[in-house]
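Index from 1, following the sequence. Start at 1 and go down the list; that is how both ligands and their atoms are numbered.
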Amino acid sequence: MSQESPRFRAVLENFAPYQPGRRVAAPDGRSHKLSSNESPFGPLPSVAQVIAQAALDVNRYPDNGATALTDAIAQRFRVPPEHIAVGCGSVGVTQQLLEAVGEPDAEVLYAWRSFEAYPTLAGLSSAVAVTVPLRDETHDLPAMADAITRRTRLIFVCNPNNPTGTVVHADELEEFLDRVPADTLVVLDEAYAEYVRDPQVPGGMAVYRDRPNVAVLRTFSKAYGLAGLRVGFMVAHPPVAAAVRKTMLPFAVNAIAQAAAIASLAAEPELLERVDAVVKERSRVRDELLAQGWSVPPTEANFVWLRLGEDTQDFAAVSARAGVAVRPFGAEGARISIGDHDANDEFLAVARAYPRRH
Ligand SMILES: *Cc1c(COP(=O)(O)O)cnc(C)c1O
């Protein structure tokens with residue numbers, strides 16, 4: 001038998017396997033999952049009903065063009081349907097974008113640390129990833145503009161940034177966009193847009209209108225509570241939307257997800273009340289952490305960031321023993337999602353008891 005093994009792309013050797021947010025349990029069974037930025041609320045009854053109904057048609061392929069969903073998004077956000085492209089979560093749309101621009105001499109630029117999907121999907125697309133370190137836990141837009149070359153095809157601006165929760169403001173973003181060449185695409189990843197309360201944070205849907213090289217990513221996974229169904233979308237000018245539709249895996253958004261997303265847009269006022277509740281809890285959690293003596297960057301998302309350095313993995317292990325799953329990143333820090341009141345209290349108790357070196 002040959003000793004040779006099947007051959008794979010060298011880029012795969014750089015990838016750690018994807019680490020999903022873990023579920024943990026305390027010895028007494030208590031378990032709070034604060035590791036994936038999910039909504040702590042189950043589906044609304046109106047949405048659950050639509051999901052059950054859509055399940056009866058799963059012998060049929062979904063509408064590959066997601067026409068009804070695209071029209072519902074177009075109406076809700078007052079954008080033309082030709083400006084919309086959907087995908088299997090906004091991670092799916094991110095992959096479609098990178099497949100549309102990635103080739104060996106193309107560069108993809110983003111801040112680091114930011115969303116974990118960027119390096120993996122950029123690598124898979126064959127593009128070269130170029131990163132610019134965060135400054136004070138926030139995108140350093142002037143440094144990012146300095147890092148643009150003729151090869152830069154796509155730039156991610158994650159606003160609010162995952163995992164730090166920090167934001168860029170309208171004036172700095174406009175200044176940055178003015179420095180980006182017209183043939184370089186800027187992707188505003190707004191997965192947490194519904195949680196933003198800072199009035200100086202720009203809405204991508206307004207920013208992209210006069211800028212053919214700006215695209216906006218949104219998702220039904222967070223505020224709309226459909227993380228398990230995988231549906232996200234992009235809003236951008238027609239050439240960008242058309243390119244992203246070409247790279248979609250056929251039938252990437254299943255029929256149940258399409259129906260649930262439409263129902264969620266119809267139930268938006270109810271869902272946004274839930275977002276308000278999470279935002280209230282976010283303030284409570286951050287204020288309490290500050291009172292405990294932690295430094296916590298201001299957050300406009302549904303999570304907080306603790307820069308724990310060398311203590312990061314230990315903090316995650318201590319949290320896990322208390323039944324609280326958090327998301328540790330190497331020796332950098334941990335991201336903790338805002339959950340329901342009880343979950344947040346459990347996390348705050350862990351933080352209160354934890355010896356502080358930061
Ligand atoms: C959660 C998240 C997404 C959304 O992912 P889905 O694939 O839509 O579930 C996108 N971008 C960022 C920065 C996120 O944190």
Side-chain angles (χ1 to χ4, degrees), residues 18-21 33-40 43 66 69 73 84-99 108-122 124 129 131 134 137-139 154-168 186-196 201 204 215-236 244 247-249 252-254 256-258 260-261 264-265 271 275 278 282 297 299-305 326-327 329 333-339:
Y18 179 75
Q19 303 215 338
K33 187 161 179 274
L34 301 183
S35 50
S36 295
N37 299 342
E38 295 147 336
S39 168
L69 173 57
I73 294 168
I84 297 166
V86 299
C88 182
S90 58
V91 166
V93 186
T94 300
Q95 181 168 36
Q96 291 162 233
L97 275 161
L98 289 166
E99 290 299 322
V108 171
L109 176 65
Y110 49 88
W112 198 251
R113 183 170 279 278
S114 189
F115 189 34
E116 310 102 273
Y118 302 154
T120 315
L121 296 177
L124 278 180
T131 58
L134 297 175
E137 311 289 13
T138 310
H139 278 72
L154 185 151
I155 305 170
F156 288 110
V157 177
C158 188
N159 199 30
N161 187 46
N162 177 0
T164 56
T166 52
V167 291
V168 300
V186 178
V187 178
L188 305 175
D189 188 340
E190 297 191 335
Y192 303 96
E194 297 84 358
Y195 298 94
V196 171
V201 175
V216 186
L217 285 182
R218 300 284 291 264
T219 179
F220 286 95
S221 294
K222 308 285 161 56
Y224 293 87
L226 299 181
L229 282 179
R230 317 302 308 124
V231 45
F233 64 96
M234 181 191 74
V235 176
V244 165
T247 52
M248 184 182 81
L249 189 72
V253 185
N254 71 71
I256 299 177
Q258 293 186 31
S264 298
L265 286 172
L271 291 167
V275 169
V278 170
R282 171 177 83 196
T299 172
E300 293 290 328
N302 64 344
F303 50 84
V304 291
W305 169 247
V326 305
R327 178 69 72 101
F329 294 97
R335 186 193 70 201
I336 302 97
S337 310
I338 302 298

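Looking at R335, its side chain never comes within 3.5 Å of a backbone N or O of F303 through a donor-acceptor pair. The backbone N or O of L217 lies less than 3.5 Å from no partner atom in the side chain of S90, so there is not a single donor-acceptor pair. Panel note: side chain E190, backbone G204; a donor-acceptor pair is recorded below 3.5 Å. T299 places a side-chain N or O within 3.5 Å of a backbone atom of A301 that can act as its donor or acceptor partner. With hydrogens and angles ignored, the 3.5 Å screen pairs no side-chain donor or acceptor of N302 with any backbone N or O of I338. Judged purely by atom type and a 3.5 angstrom limit, S35 has no side-chain atom pairing as donor or acceptor with the backbone of R327.
For S221, the closest heavy-atom approach to ligand 1 falls below 4.0 Å.
If you check which protein heavy atom lies closest to atom 11 (N) of ligand 1, you get D189 OD2, 2.9 Å. The protein non-hydrogen atom at the shortest distance from atom 4 (C) of ligand 1 is S90 OG, 3.1 Å. Atom 15 (O) of ligand 1 has Y192 OH, 2.5 Å as its closest protein atom, hydrogens excluded (heavy atom only). Annotation: atom 7 (O) of ligand 1 to nearest protein heavy atom, R230 NH2, 2.6 Å.
The shortest distance between side-chain heavy atoms of R113 and N161 does not fall below 4.5 Å.
Close N/O approach between G92 and ligand 1 is not found [any backbone or side-chain N/O within under 3.5 Å]. The N/O atoms of N37, backbone and side chain alike, include none that comes under 3.5 Å of an N/O atom in ligand 1. For ligand 1, the polar-atom distance check finds no N/O of Y118 at less than 3.5 Å from any of the ligand's N/O atoms.
Ring planes of F115 and Y118: perpendicular class, angle over 60° (limits at 30 and 60°).
Here is the list of ligand 1 atoms found below 4.0 Å of a heavy atom in G89: 6 (P), 7 (O), 8 (O). Which parts of ligand 1 touch N162 is read off a 4.0 Å heavy-atom cut-off, strictly below it: atoms 13 (C), 14 (C), 15 (O). Ligand-side atoms of ligand 1 in range of C158: 13 (C), range being under 4.0 angstrom from any heavy atom. Residue-ligand proximity, A191 to ligand 1, at heavy-atom distances under 4.0 Å covers atoms 2 (C), 3 (C), 10 (C), 11 (N), 12 (C), 14 (C). When each atom of ligand 1 is checked for a heavy atom of K222 under 4.0 Å away, the hits are 1 (C), 2 (C), 3 (C), 4 (C), 14 (C), 15 (O).
Residue F220 does not touch ligand 1, judged by heavy-atom distances below 4.0 Å.
Nearest heavy-atom pair, H139 versus L134, reported as atom, atom and distance to 0.1 Å: N-CD2, 3.8 Å.
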